[in-house]
Amino acid sequence: MRTLLSIVINTVPPDGAPGLYICHCNALTDTDIQQAAAQGACRPREVYDACGCTAQCGSCTRRILALLQEARIEQAAEPALVAAMD
Ligand code: FES
C-alpha cells in the first residue's frame, strides 16, 4: 500500500516537474513506470510489483505497455549513443 508521502515523493522527479499519472487506481506516474523499467520490469504486473501495488481496474495496462516499450527502445539505444560519442 502506498502512503500519501510516498506518492508525493515518487511523483516529483529530481528536476521538480510532476510526473504524469498513468495508473489512477494506484497513483502511478510515468516516472514510477520508467523507474520500474530501469529496474528490469518488462510487464505491467512487474511494474505493479515494483511499485508495491496490484492491478485494480486494468485500464492503464496499454499505457504501461507503451511506456515499457519506449523504455526498452531507449535502453537499447543508450549503448549506441555512448559509443557514438566516444
Ligand atoms: S488505472 Fe491502473 S489499475 Fe486502474
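When a ligand or atom number is given, it counts from 1 through the structure's own listing order.
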Any side-chain heavy-atom pair from C53 and L28 closer than 4.5 angstrom?
yes
Are L68 and P44 close enough that some pair of their side-chain heavy atoms sits under 4.5 Å apart? yes
### Query
Is there side-chain contact between D32 and T29, with at least one heavy-atom pair below 4.5 Å?
yes
In short, side-chain hydrogen bond (donor to acceptor under 3.5 Å, both in side chains) pairs touching residues 56-71 with sequence neighbours left out are T54-Q56
CZ/R72: more than 12 non-hydrogen atoms of other groups inside 6.0 Å: yes
*Is C60 close to Y48 at the side-chain level, that is, under 4.5 Å between some pair of heavy atoms?*
yes
Listing protein N, O or S under 2.8 Å around atom 2 (Fe) of ligand 1 gives C23 SG, C60 SG
